[in-house]
Amino acid sequence: MIAAMKTIAHDELEPLIGDIFNAAGCSRAEADRIARHLVGANLAGHDSHGVVRVPRYIQMKQEGLILADQTVDVLVDTPVLAVVDGKFGFGQTVAPQAVEVGIAKCKLMGLSAVALRNAGHIGRVADWAEMAAAEGFVSVHFVNAAGSVLVAPFGSVERRFSTAPYCVGVPIAGRAPLVLDFATSIVAEGKVLVASQGGNAIPADALIGPDGRTSDDSRLLYGDYTKTGKRDIRSGLGALRTFGEHKGSGLALMCEILGGALSGNGATAPGRRFANGMFSFYVDPKRIDPGEMFPAEVQRYIGFVKQGKPAMPGGEVLLPGEKEERTRAQRLAHGVPLAEETWRLLLDAARGAGVDVRRFENAPRPHA
Ligand code: NAD
């Protein structure tokens, strides 16, 4: 009998995930990279983009919808612009290749734009902004997920958008970058998945039914399912809602237009093969501001913002990325919490791929 496990150390979880993808046909390097990014999302507190995705990724790999160990094709290559075809490779492999192209051009020109199309699920978009920030670059990313029709535009009850994330990264000397990174839906679909498996609940108005009523019932997305049954995003009659009323809906549309239509990925539509498209801009602040006012001005300004009087006693203003940074520190020290159902499905995926999971069938390693 497998022990009911709620918390696992990241350094136990990551090798397990790596072994699953390696056994499923990815090279060791790719498998370990996928594992690092998925566990990294859990560490950042975004369980929706963490190891909960493993069974789906494996299924997509088995169905030939995601391909192992791809090298991108650069279809358009000017000094400041690239169009990159991810060829349906794992997002954790092809997205960093596209970001590297953007970084290389930005190093030379001070500015670059990269359109990535046909990428497997690229996970937490912040990972790619953090990669650019590590080089000292500001970056902006508009992303869509072709085929993943989940979100109703403001004023409608019918699905038209993907959860189309938007992300901006700003490096700050001597500390973690500012990283604004969110789905343009009230919650990412994975958060509904996690909630349906017994994880954190979603907001009461995250979904909308065909009758126009808002709800947190995940059946509006997946239809009827049993506790251990498959969640099929095509089965529900409702939709996710965009955040921020007409403003979030407008941003979602622009993510579809730039990340989908302009990138060549295709804007979201029913029946399209799943692929993330990402339109990214990279800017070298040192080339814009040789006098280096920018770093000091950012430091001054975030200090000013953080000193705003809290709305609630004991509250504080958090900067984009700050919550993730704190969650990472906490989870690195105390382990990654997983819903029992997520863990059970993960072990099933491991067994299915032929990975020996006997070491997990006893009590988990205790945490301090
Ligand atoms: P979210 O609603 O948790 O918002 C996260 C953002 O808000 C972060 O920038 C965070 O620092 C900031 N934030 C959180 N709490 C804050 C507070 N109290 N004060 C100030 N700022 C705060 O994120 P989400 O919409 O659930 O998205 C989760 C992840 O899903 C993201 O990483 C996104 O990239 C990813 N995603 C990916 C895809 C894809 O197709 N690959 C699709 C949708 C979402």
Side-chain angles (χ1 to χ4, degrees), residues 33 36-37 39-46 49 79-82 84 91-116 119 122-143 165-184 251 254-255 258-259 276 278-308 316-332:
R33 186 166 50 245
R36 194 170 64 250
H37 283 285
V39 174
N42 286 107
L43 286 172
H46 291 290
H49 287 67
V80 292
L81 175 68
V84 173
Q92 291 77 6
T93 291
V94 299
Q97 291 177 30
V99 177
E100 274 164 19
V101 170
I103 287 172
K105 290 187 186 300
C106 191
K107 276 184 183 163
L108 287 173
M109 306 301 292
L111 172 74
S112 63
V114 176
L116 170 66
I122 63 172
R124 198 179 152 247
V125 182
D127 286 353
W128 318 121
E130 284 169 4
M131 208 175 141
E135 298 287 342
F137 298 155
V138 170
S139 66
V140 183
H141 310 264
F142 295 85
V143 178
Y166 174 72
C167 178
V168 180
V170 176
I172 304 182
R175 53 150 287 167
L178 295 176
V179 184
L180 179 67
D181 171 37
F182 54 71
T184 47
L251 185 57
M254 291 307 175
C255 286
L258 298 186
N276 269 143
M278 176 163 76
F279 200 94
S280 306
F281 297 98
Y282 302 90
V283 181
D284 182 353
K286 290 194 236 34
R287 299 284 280 274
I288 292 184
D289 168 37
E292 301 214 14
M293 178 188 166
F294 180 68
E297 185 61 0
V298 173
Q299 292 280 14
R300 183 200 67 75
Y301 189 63
I302 60 178
F304 176 60
V305 169
K306 279 195 75 68
Q307 281 157 18
E316 67 173 316
V317 175
L318 290 181
L319 299 169
E322 219 170 356
K323 189 175 173 195
E324 286 76 7
E325 215 185 315
R326 290 181 190 181
T327 308
R328 193 177 293 118
Q330 200 276 338
R331 291 187 173 186
L332 280 171

How many angstroms lie between atom OG1 of Thr327 and atom CG of Leu332, to the nearest 0.5 angstrom?
10.5 Å
Using the side chain to side chain contact (heavy atoms under 4.5 Å, CB included) definition, which of the options Pro165, Cys167, Cys255 pairs with His141?
Cys167
I'd like to check Val138 versus Pro171 (side-chain heavy atoms, cut-off strictly below 4.5 Å). Are they in contact?
yes
Is any NZ, NE, NH1 or NH2 atom of the basic residue among Glu322 and Arg326 found under 4.0 Å from an Asp or Glu carboxylate oxygen of the other?
yes
Is it true that atom NZ of Lys323 has more than 12 heavy atoms of other residues, nucleotides or ligands lying nearer than 6.0 Å?
no
Inter-residue atom distance Arg124.CZ - Asn42.CG, 0.5 Å rounding:
10.5 Å
Looking at Met254, I'd like to know if its CE atom is crowded, meaning that more than 12 non-hydrogen atoms belonging to other residues, nucleotides or ligands lie closer than 6.0 Å.
no
Sub-4.5 Å side-chain heavy-atom contact between Met278 and Ile122
yes
How close do Arg33 and Thr93 get, counting heavy atoms only, and between which atoms?
NH2-OG1, 2.8 Å
Please tell me if the side chains of Tyr166 and Val140 come closer than 4.5 Å, counting only heavy atoms from C-beta onward.
yes
Least distance between heavy atoms, Gly45 atom then Arg331 atom:
CA-NH1, 3.7 Å
Contact between Val114 and Val99 at the side-chain level, heavy atoms closer than 4.5 Å - yes or no?
no
Shortest non-hydrogen contact from Leu318 to Lys306?
CA-NZ, 4.0 Å
Carboxylate-amine/guanidinium contact Glu297 Arg300, below 4.0 Å
yes
Of all heavy-atom pairs between Ala133 and Pro177, which one has the smallest distance, and what is that distance?
CB-CB, 3.7 Å
What's the spacing between Phe294 CZ and Asp289 CG if we round to 0.5 Å?
8.0 Å
With salt bridge (charged side-chain N to carboxylate O under 4.0 Å, His left out) as the test, pick out the partner of Glu135 among Lys105, Lys107, Lys286.
Lys107
Which atom pair, heavy atoms only, marks the closest approach of Asp284 to Gly136?
OD1-O, 4.4 Å
For a 4.5 angstrom cut-off between non-hydrogen side-chain atoms, does His37 reach His49?
no
Between CD of Gln92 and CH2 of Trp128, what distance do you get to the nearest 0.5 Å?
6.0 Å
Smallest separation among heavy atoms of Pro285 and Phe137, with atom names
CD-CA, 4.2 Å
Is the Phe281 ring parallel, tilted or perpendicular to the Phe142 ring (thresholds 30°, 60°)?
perpendicular
Just verifying a value: how many Å separate Ile288 CD1 and Leu111 CG, rounded to the nearest 0.5 Å?
7.5 Å
Point-to-point distance, once rounded to the nearest 0.5 Å, from CG of Leu43 to CD of Gln330:
10.0 Å
